[in-house]
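Take a look at the structure set out below.
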Amino acid sequence: MTDQRFRPDTNRENLRQFYEEQKEISYYQYQTVTTHVVTFDSRDRAEEQLKRYRDGTDFHNLAPEMLVRVYYRDEDGVIRTRHSLEELPLGEIAIQLDTDEIAGPLSYQHSQQGTRYALVKCVRIREEKQLSFDISVPGGGVNEQTGL
């Protein structure tokens, strides 16, 4: 049995108050740009693969490994990468791409492999938005049977 002394009162008024206090922190979604990235050890190789892509080769078949990176600009304007500790300094360009647009070859310094060249394809843009109370807080919506 749960000790009721430690269970917060989750009535609609308290849920609304919590939402209002937290909405700009917890219930705001930044615009995100999801990219697929293929990298090469030479600019010539990257340009060859870009030509293959333009000639009809699927982007995923340009290199044996493809990286997926999700970039967003935080409240301080800093571009960050989700789901990766790897530093791949392509965010500034990636965040400017439109869906299905490709940038590259882009050179960057890899911490272990030296100069690398990347092709970056934007595959999805999710626009920024403020989540509403009704979809943010469990039980936040009005129950049509009870009106609460």
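Numbers here simply count residues along the sequence, with the first being 1. Because the structure is predicted, anything quoted here is derived from the model rather than measured.
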For a quick test of reading the model, state the closest non-hydrogen atom pair linking [X] to [Y] and the distance between them.
X    : Y    : value
S42  : Y117 : C-CD1, 3.3 Å
F40  : L62  : CE2-O, 3.6 Å
Y72  : Q31  : CB-O, 3.2 Å
P105 : E47  : CG-CG, 3.5 Å
L50  : G104 : CD2-O, 3.6 Å
A46  : L119 : O-CD1, 3.8 Å

Is it the case that the side chain of [X] and the backbone of [Y] share a donor-acceptor pair, with hydrogens and angles ignored and the cut-off at 3.5 Å?
X   : Y   : answer
T35 : R69 : yes
D58 : H60 : yes
T32 : V70 : no

Check this for me: does any side-chain nitrogen of one of K51 and E48 sit under 4.0 Å from a carboxylate oxygen of the other?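 No.
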Non-hydrogen side-chain atoms of V37 and L90 separated by less than 4.5 Å: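 Counting from C-beta outward, V37 and L90 do come under 4.5 Å.
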Does the side chain of R73 come within less than 4.5 Å of I95's, by heavy atoms?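 Yes, their side chains come closer than 4.5 Å.
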What's the separation between atom [atom1] in [X] and atom [atom2] in [Y], rounded to the nearest 0.5 Å?
X    : Y    : atom1 : atom2 : result
L106 : E92  : CG    : CD    : 12.0 Å
D44  : D41  : CG    : CG    : 10.0 Å
L97  : I125 : CG    : CD1   : 8.0 Å
H36  : I102 : NE2   : CD1   : 11.5 Å
F59  : Q49  : CZ    : CD    : 10.0 Å
T39  : E65  : OG1   : CD    : 6.5 Å

Evaluate side-chain contact (heavy atoms from CB on, under 4.5 Å) for R124 paired with V33, printing each intermediate quantity in order. CA-CA 6 Å; R124 180 174 183 248; V33 176; over 6 Å; no
Say whether V123 and Y71 are linked into one hydrophobic cluster, either directly or through other cluster members, by side-chain heavy-atom distances under 4.5 angstrom.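 Each belongs to a different hydrophobic cluster.
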